[in-house]
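Letters A, B, ... are given to chains in the order of the sequence lines, protein chains preceding strands, and every chain is numbered from 1. Predicted model, so just to flag it, every value in this text is computed and none were measured.
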Amino acid sequence: MELLRAELQRVVADLGVSDVDITLERPAESSHGDLATNVAMQIAKRLRRKPRELAEEVVARLDLSSAAISHAEIAGPGFINFWLAGSVLSEVLCDVLHRGENYGRSQEGIGRKVNVEFVSANPTGPLHVGHGRGAALGDAIAALLEATGHSVTREFYVNDAGVQIDRLAESVWARVRQAVGREAEIPEGGYHGEYLQELAQRILTEEGAEFADLPEAQAVERCRAIAVESQRAEQDQTLAEFGVEFDVVYNESSLYEQHRVTDTLDELGGRELTYEKDGALWFGTAAYGDEKDRVLRKSDGSYTYFLPDIAYHRDKAARGFDRAIDVWGADHHGYVNRMAAAMKSLGAGEDFFQAVLVQLVRVMRHGEEVRFSKRSGTFVALRDLIDETGVDAARYFFLMRKGDAQFVFDIDLATRQSDENPVYYVQYAHTRMAGIFRTAQMDPRDVTTDGVDLSLLSEPDEQALVKLIAEFPTTVSRAAGSLEPHRIVVYLEKLARLVNGWYHRHRVVGVGADLEHARLVLVRAAQVVLANGLTILGVTAPERM
RNA sequence: GCGCCCGUAGCUCAACUGGAUAGAGCAUCAGACUUCGGAUCUGAGGGUUGGGGGUUCGAGUCCCUCCGGGCGUACCA
């Protein structure tokens, strides 16, 4: 493909146009060949000539055989369609078997350090399904970036300072006193979930009943520490069950301890980006693409949430990351511009900060919506979802859709063990490949292309399968480039469809030694690609189901 | 009011970043098996891509404008 691109570049340059990006793509229609280009149409206007006429000339000047093309055709308004030489398909299979689990990986991002921050749930309660979507998406984005050679750090930011944590501590304290029969109310804006009653019980058991007699300030302080720690531990455990592990857990409180907040304030002041107005300190983000300037320090002297967040992202740059990707709930989208503006004003590159937004998840069960609200405590917990659907189904479902599309999680569908459930469909294709090797009584890793006549894979559906397998690396790099794991899902479902169809029509074991060898190579290649794709998604590729 | 996201088959969603006749799954209907695991396969029907205008060889995709949904719009976090 690169050979053809170079060859086209040369011919187009001969025609007098040098600065054109040659786009080569796989036509949707197989009668349009294996590859197609629109260069003739692109340059037609500049050369003031007819596209089809130019296409003729381009084809005439091409040295097809050096680009492994069997023949070319001109079609439609001026497309040039190419058919690959048969040898190309054999090379694809050799490549897949040779590279194994590395097939699809590339070095595009080599030397680039990327920080992917996701979930970052407040330590005020259990994770809910929205966090699950963020976790699956962030983890898959990180995996995609790794697959393209980036050096990736998965990071979780803990808001362990600030007003919400105060409310949490007060809520726990109220539950403790209620538990020993006293009058106490959950404060305004506090947390009503039952999990805090359980926590209060545990505190009384572990600390003794006299805990309820501690002076208010001291008790709330203890409640804060215990609550944050226990919520964090529970979140980590849920995430671990979900197959997500973080390289760095970053506490907001450490920003204060290490004076990064005040340092940031100093730097902004030094760069003359801030000013006083109405007794507050403002940050001139409007000059960098934000809709308006923002307050950093309120007139009562306390900081807004924005300031520690700037300090945090400034620290990401200081730690040597070339990019900082944040996976946020879509309800924070109003925050994107100001953070981007802040980083730009501090001299970070234009593409340093990037937010990926996930729409909140709506959950349906038995045909009706299950409402969840963190404050009232009646949300759908991620843990419950995992228990019901299993990790594979939950992760797969979260990744099926673009992150910024609204998404309805149908619990009934995800828990159904039938062909209506897409995750099983893909896994099943993999299982079937494994089943063939069981029947053949051989280790799939022993499959080799040595001495195998791959031209025997002449059935149309076999050719189509190899061509799709050949697209996997491009699919991975595109998905990584756009930070869209759902592209892998779409690809896998298409691949599984071809695999299952082929499997149904053709046999492998017992069709005669030569053909059997050739088909075993194809089976192995399909198995490898299915597994590699599922691995990026964080979904298992089972041998049996 | 202003800003961002979204609107594609009955339902849930794709569409290779502007390409050729807009595709899958589910649901519906009609078929296939003495199977290397039927959690399968083959086929059919189903569309003015929310409406209208524009940009160009070419628009679901870009621009404008309406309509509808979601979210944001704090000296909240």
Side-chain angles (χ1 to χ4, degrees), chain A residues 23-29 31-32 36-38 40-42 44-45 50-52 75-79 81 122 124 159 162-165 167 189 277-282 291-292 294-306 308-309 329-337 357 359-360 362 364 400-402 404-410 413 416-425 427-429 431-440 471 474-475 478-479 481-482 484 486-487 489-491 493-494 497 500-511 516 519-520 523 544-545:
Chain A
T23 61
L24 272 177
E25 51 183 33
R26 286 160 296 277
E29 186 89 14
S31 66
H32 293 148
T37 182
N38 59 356
M41 289 179 287
Q42 281 186 320
K45 194 164 203 180
K50 291 177 183 168
R52 282 196 68 107
F79 289 99
N81 298 330
N122 287 343
T124 50
N159 297 120
V163 183
Q164 295 210 20
I165 302 302
R167 294 294 98 78
K277 192 179 88 179
D278 303 332
L281 185 70
W282 294 71
E291 300 87 64
K292 55 184 258 192
R294 308 290 175 177
V295 170
L296 295 177
R297 191 181 61 221
K298 298 181 249 178
S299 54
D300 68 0
S302 65
Y303 298 139
T304 61
Y305 187 80
F306 189 30
D309 237 18
D331 53 336
H332 287 78
H333 79 254
Y335 213 72
V336 175
N337 274 342
L357 298 178
Q359 290 283 348
L360 298 182
R362 296 198 301 152
M364 301 290 285
M400 283 196 303
R401 315 281 183 280
K402 266 193 299 215
D404 62 359
Q406 293 168 20
F407 171 54
V408 177
F409 196 116
D410 183 342
L413 177 59
R416 213 170 294 161
Q417 299 216 344
S418 76
D419 55 354
E420 296 160 45
N421 193 340
V423 61
Y424 291 112
Y425 187 84
Q427 290 183 316
Y428 188 58
T431 303
R432 284 177 136 180
M433 300 302 99
I436 292 173
F437 291 113
R438 278 196 294 275
T439 303
E471 287 179 30
T474 320
T475 303
R478 284 211 170 104
S482 58
E484 293 178 327
H486 81 275
R487 290 172 182 275
V489 173
V490 171
Y491 173 87
E493 288 183 9
K494 189 173 175 188
R497 197 146 307 282
N500 281 330
W502 173 82
Y503 177 95
H504 193 261
R505 283 184 292 271
H506 307 291
R507 295 187 62 82
V508 177
V509 180
V511 290
E516 178 173 327
R519 285 189 173 161
L520 281 171
V523 167
R544 299 169 186 275
M545 290 171 71

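- Not one side-chain nitrogen or oxygen of A/Arg478 sits closer than 4.0 Å to the OP1 or OP2 atom of B/rC16.
- Comparing the P positions of B/rG37 and B/rG18 gives an interatomic distance of 45 Å, to the nearest angstrom.
- More than 90° away from 0 lies the glycosidic angle of B/rU42, which makes this nucleotide anti.
- A/His506 has its NE2 atom 13 Å from the C1' atom of B/rU42, to the nearest Å.
- Across every non-hydrogen atom of A/Ala280 and A/Val295, the tightest pair is CB-CG1, 4.2 Å.
- Distance check on atom C1': B/rC66 versus B/rA30 gives 44 Å, rounded to whole Å.
- Pairing each heavy atom of A/Arg507 with each of A/Arg519, the nearest pair is O-NH1, 2.8 Å.
- With sequence neighbours excluded, the residues satisfying salt bridge (charged side-chain N to carboxylate O under 4.0 Å, His left out) with A/Glu471 are A/Arg26.
- Scored by the salt bridge (charged side-chain N to carboxylate O under 4.0 Å, His left out) test, A/Glu291 finds A/Arg294 as partners (sequence neighbours excluded).
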Per-nucleotide protein contact string for nucleotides 71-76 of chain B, where B marks a base within reach and S marks sugar-phosphate only (heavy atoms under 4.0 Å, - for neither) | BS-SBS
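- Taking every heavy atom of both residues into account, A/Ile436 and A/Val523 meet most closely at CD1-CG2, 3.8 Å.
- B/rA24 atom C1' lies 16 Å from atom CZ of A/Arg487, rounded to whole Å.
- To the nearest 0.5 Å, atom CG of residue A/Leu296 and atom CG of residue A/Leu281 are 5.5 Å apart.
- You'll find that the side chain of A/Gln164 is closest to B/rA77, out of B/rA20, B/rA77, B/rC36.
- Taking atom CZ on A/Arg497 and atom C1' on B/rA24, their separation rounds to 7 Å, with Å as the unit.
- Among residues two or more places apart in sequence or in another chain, the side-chain hydrogen bond (donor to acceptor under 3.5 Å, both in side chains) test is passed with A/Tyr335 by none.
- Applying the side-chain hydrogen bond (donor to acceptor under 3.5 Å, both in side chains) criterion to A/Asn38, with sequence neighbours excluded, gives A/Thr23.
- Between the C1' atom of B/rG23 and the CZ atom of A/Arg26 lies a distance of 16 Å, rounded to the nearest Å.
- Of the two residues near RNA chain B, A/Glu471 and A/Met545, the one whose nearest nucleotide lies more 5' is A/Glu471.
- Here the P atom of nucleotide B/rG37 and the CG atom of A/Asn500 are 13 Å apart, to the nearest Å.
- Judged by distance alone, with hydrogens and angles left aside, A/Asn38 brings no side-chain donor or acceptor close enough to the base of B/rA20 to form a pair under 3.5 Å.
- With rounding to whole Å, A/Tyr425 atom OH is found 15 Å from B/rG37 atom C1'.
- Consecutive pairing runs in RNA chain B reach the stem threshold at B:1-5 with B:69-73, B:10-13 with B:23-26, B:28-32 with B:40-44, B:50-54 with B:62-66, where a stem means at least three Watson-Crick or G-U wobble pairs with distances under 3.5 Å.
- Between the P atoms of B/rG19 and B/rG3, the separation comes to 28 Å (whole Å).
- Between A/Gln42 atom CD and B/rU56 atom C1' there is a gap of 13 Å when expressed in whole angstrom units.
- In terms of position on RNA chain B, the residue among A/His486 and A/Arg505 whose nearest nucleotide sits closer to the 5' end is A/His486.
- Rounded to a whole angstrom, the distance from the C1' atom of B/rA15 to that of B/rG23 is 7 Å.
- Residues A/His32 and A/Pro27 come closest through the heavy atom pair O-CG, 3.3 Å.
- Rounded to a whole Å, the NE2 atom of A/His504 is 12 Å from the P atom of B/rG43.
- The two residues A/Ala44 and A/Pro51 come nearest to each other via the heavy atoms CB-CG, 3.8 Å.
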